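Ligands are counted one by one from 1 in listed order, and the atoms in each one are counted from 1 as well. Since we're looking at a predicted model, the values are computed, not measured.
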Amino acid sequence: MNNRYDVVIAGAGPAGAQCARDLAARGYDVVVLETESEDEFPRQSNKSTAGTFPSMMAAFGIPDDVVMQYTDSVVLESPTDHFVREQPGAVLEFADFKRYLVADGREDGAEYRFDARVTAPIMENGEIVGVTYNGDQEVYGEIVVDATGPAAPLAKKLDVVDLEHENHAIGIEYEFEGIDVDRPGFADLHDAMMLRLDHELAPGGYSWIFHTGEDTAKVGLCYIRNEQYHQYGRESYSIDDYLDHWVDTDPRLQDATRLEGKMHRGSAHIQMPGQLYTDRFMAIGDTVPTVDPLWGEGIHKCMKSGRMAAATADSCLKHGNVEPTAENLEVYETLWHRDVAPNVRARLLMTKLLYLAPDERYDRLMADLNRLDDDTLARANKGNPAAIAKLLHVDDLPLLARFAKQELTFGDLL
Ligand SMILES: Cc1cc2nc3c(=O)[nH]c(=O)nc-3n(C[C@H](O)[C@H](O)[C@H](O)COP(=O)(O)OP(=O)(O)OC[C@H]3O[C@@H](n4cnc5c(N)ncnc54)[C@H](O)[C@@H]3O)c2cc1C
């Protein structure tokens with residue numbers, strides 16, 4: 001078996017598999033090491049609701065076959081109100097999508113090794129030159145990429161990332177049938193992706209219903225076990241209990257039943273990224289982490305990070321004499337902050353403010369969203385301070401004061 005490659009990638013998620021697709025298309029020898037077995041792939045890593053948008057599908061040539069349901073709108077809900085925004089989207093069958101990325105990369109020559117759990121970097125003169133997997137197997141590359149999501153075995157050992165426990169968000173979801181998709185008193189959820197702000201259901205986080213056709217949908221929730229969680233959460237509740245509680249109390253779900261084997265569970269970190277690279281090494285996707293902190297859109301962002309890492313590797317490898325030193329890989333970090341996750345600091349702060357607000361404030365937010373024009377909302381979503389100010393009121397001062405006080409404690413974000 002070949003044991004030397006241009007690029008070695010750990011992890012066949014959206015980030016790693018996309019990075020491999022781009023490198024293989026450029027003619028590089030690339031191998032992806034994936035811990036799961038090929039027969040069942042993806043099993044534990046089949047974790048995503050996989051709501052995405054046409055921009056991702058077009059940019060990465062994703063075929064219709066992996067789409068469960070095309071959607072027309074995004075709905076935001078508070079405990080008693082909602083806001084509807086017309087916006088085309090797609091809910092993917094995440095397992096089919098992951099398998100497609102692997103198959104497509106292989107067609108261009110990317111090599112995949114399944115049942116290959118990466119454990120540690122192989123170091124020479126202080127630089128990573130390869131990885132060990134399954135204990136005693138070795139593979140070498142000019143450049144190594146960690147795309148294992150929150151596991152990050154290489155990035156952690158190289159001190160490139162510091163994924164902090166207090167920033168660890170957990171999510172769970174089931175696919176259901178028998179849902180009342182157009183219940184009087186609620187928004188019509190046909191062909192919609194709905195996100196709900198309601199601490200009773202997801203303390204310090206949010207819950208969702210993504211329509212997947214007829215009376216079926218993906219129903220889930222996520223939160224970080226942080227200050228907000230402790231303020232609004234119930235001591236004895238697990239994340240499964242919260243989902244049960246929602247199913248028991250929401251009239252839209254009263255006749256809903258879970259589809260067998262259709263449970264997805266996963267996690268990500270919601271924090272500022274670290275350095276992202278070092279000599280001969282880049283961290284991509286949720287190893288960084290790259291998922292958008294506000295609404296959890298990770299697929300598109302993680303694939304973009306894979307693409308930027310591939311472009312950076314290409315810029316070194318295509319000139320045989322440009323060593324992939326940290327200095328020469330620095331462009332990846334620049335591209336990440338410019339094109340993958342611009343304004344990440346502002347979005348993290350918005351996230352903290354949003355999830356700190358009480359339920360009543362969410363109802364008022366829906367009224368504000370319905371009042372403001374699309375342009376202002378788009379600018380607010382990108383972190384524009386003037387546009388965000390239009391969503392704030394005089395009686396938000398105590399909330400802002402609490403937020404400012406917390407931020408002094410969370411000084412790492414500022
Ligand atoms: C419940 C939930 C719902 C979500 N919903 C959405 C959504 O609707 N839309 C959206 O855009 N995003 C969503 N996300 C986020 C999105 O799924 C992630 O951001 C994205 O999957 C991250 O991609 P990645 O390639 O970086 O990592 P991952 O998807 O985590 O992939 C990592 C891969 O590495 C493998 N691996 C792990 N450890 C090792 C190891 N030691 N050696 C080798 N391989 C290893 C794993 O098996 C996996 O295949 C959701 C996430 C969760 C948890």
Side-chain angles (χ1 to χ4, degrees), residues 8-20 31-38 40-53 55-57 68 71 74 89-92 94-95 97-99 101-102 112-120 131-134 137 139 145-157 168-174 193-195 202 205-210 212 218-223 239 243 263-270 283-293 295-306 309 340-341:
V8 175
I9 300 173
Q18 182 54 44
C19 189
V31 66
V32 182
L33 307 171
E34 164 59 46
T35 190
E36 296 194 354
S37 74
E38 184 161 9
E40 297 187 309
F41 179 76
R43 204 171 110 133
Q44 203 176 332
S45 70
N46 183 11
K47 62 182 184 182
S48 185
T49 313
T52 191
F53 298 97
S55 48
M56 186 290 273
M57 306 283 287
M68 287 177 88
T71 52
V74 173
V91 182
L92 308 183
F94 191 59
F97 169 63
K98 283 190 77 166
R99 286 191 287 259
L101 294 178
V102 171
Y112 274 82
R113 292 186 199 172
F114 286 88
D115 284 315
R117 183 166 171 271
V118 172
T119 42
V131 304
T132 52
Y133 65 97
N134 297 346
Q137 310 278 301
V139 62
V145 174
D146 193 339
T148 55
L154 304 172
K156 283 178 187 163
K157 289 194 174 112
H168 189 219
I170 50 173
I172 185 175
E173 153 188 294
Y174 282 85
M193 295 192 241
M194 183 278 274
L195 299 159
Y206 60 92
S207 55
W208 62 84
I209 299 177
F210 284 13
T212 50
K218 298 181 176 184
V219 179
L221 63 95
C222 64
Y223 54 71
I239 192 160
L243 190 62
M263 193 269 279
H264 315 289
R265 197 187 277 275
S267 71
H269 289 78
I270 303 298
I284 64 175
D286 276 345
T287 299
V288 170
T290 304
V291 62
D292 177 60
W295 299 119
E297 188 191 1
I299 292 172
H300 193 180
K301 291 193 168 293
C302 291
M303 291 175 81
K304 276 192 196 170
S305 75
V340 176

Honestly, for Ala15 the part within reach of ligand 1 (heavy atoms, under 4.0 Å) is both
Which bit of Ser267 is near ligand 1, meaning a heavy atom under 4.0 Å away: side chain, backbone, both or neither?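 Backbone only.
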Taking the non-hydrogen atoms of [X], is any one of them nearer than 4.0 angstrom to ligand 1?
X	result
Leu33	yes
Ala50	yes
Ala10	no
Met56	no
Tyr133	no
Arg117	yes

Between [X] and ligand 1, does any nitrogen or oxygen pair lie at a separation below 3.5 Å?
X	answer
Pro14	yes
Lys98	yes
Val291	no

[atom] - nearest protein heavy atom and its distance:
atom	answer
atom 27 (O) of ligand 1	Gly149 CA, 3.7 Å
atom 12 (N) of ligand 1	Gly298 N, 3.0 Å
atom 33 (C) of ligand 1	Gly13 N, 3.6 Å
atom 34 (O) of ligand 1	Gly11 CA, 3.3 Å
atom 16 (C) of ligand 1	Ser48 OG, 3.9 Å
atom 41 (N) of ligand 1	Val118 O, 3.0 Å
atom 3 (C) of ligand 1	Thr49 OG1, 3.3 Å
atom 39 (C) of ligand 1	Thr148 CG2, 3.5 Å

If I take atom CD from residue Gln18 and atom OG from residue Ser305, how far apart are they, to the nearest 0.5 angstrom?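 Between atom CD of Gln18 and atom OG of Ser305 there are 9.5 Å.
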Which of the ligand 1 atoms, numbered from 1, are nearer than 4.0 Å to a heavy atom of [X]:
X	answer
Gly296	6 (C), 10 (C), 12 (N), 13 (C), 14 (N), 15 (C)
Ile299	10 (C), 11 (O), 12 (N)
Ala116	42 (N), 43 (C)
Pro153	41 (N)
Gly285	26 (O)
Gly51	7 (C), 8 (O), 9 (N), 10 (C), 11 (O)
Ala147	32 (C), 33 (C), 34 (O)
Asp286	18 (C), 19 (O), 20 (C), 22 (C), 26 (O)

Closest non-hydrogen contact found for Thr287 with Ala155 is CG2-CB, 3.7 Å
Between Ala120 and Leu154, which heavy-atom pair has the shortest distance, and what is it?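 It is C-CD2, 3.5 Å.
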Verdict with supporting geometry, Trp295 and Val74, side chain to side chain contact (heavy atoms under 4.5 Å, CB included): CA-CA 11 Å; Trp295 299 119; Val74 173; over 6 Å; no
Keeping [X] on the side-chain end and [Y] on the backbone end, is there a donor-acceptor pair under 3.5 Å?
X	Y	answer
Thr290	Cys302	no
Asp292	Lys301	no
Asp286	Val291	yes
Thr148	Gly11	no

Minimum non-hydrogen distance to atom 28 (P) of ligand 1, winning option of Met193, Lys47, Glu34: Lys47
Report the member of Thr35, Asn134, Val32, Ile170 with the shortest heavy-atom distance to atom 36 (N) of ligand 1.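 Going through Thr35, Asn134, Val32, Ile170 one by one, Thr35 has the nearest heavy atom to atom 36 (N) of ligand 1.
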Contacts of type side-chain contact (heavy atoms from CB on, under 4.5 Å), residue Thr35, not counting sequence neighbours: Arg117
Report the residues that fulfil side-chain contact (heavy atoms from CB on, under 4.5 Å) with Ala17, sequence neighbours left out, ordered by chain and then residue number. Leu101, Tyr112
Can you find a heavy atom in the side chain of [X] that is under 4.5 Å from one in the side chain of [Y]?
X	Y	result
Trp208	Cys222	yes
His269	Pro150	yes
Asn46	Lys98	no
Leu243	Met263	no
Pro42	Arg99	yes

Apply side chain to side chain contact (heavy atoms under 4.5 Å, CB included) to the pair Val102 and Phe114, showing each step before the final yes or no. CA-CA 11 Å; Val102 171; Phe114 286 88; 4.2 Å; yes
Go through Thr52 and His300 one step at a time and tell me if the side-chain hydrogen bond (donor to acceptor under 3.5 Å, both in side chains) criterion holds. CA-CA 7 Å; Thr52 191; His300 193 180; 5.4 Å; no
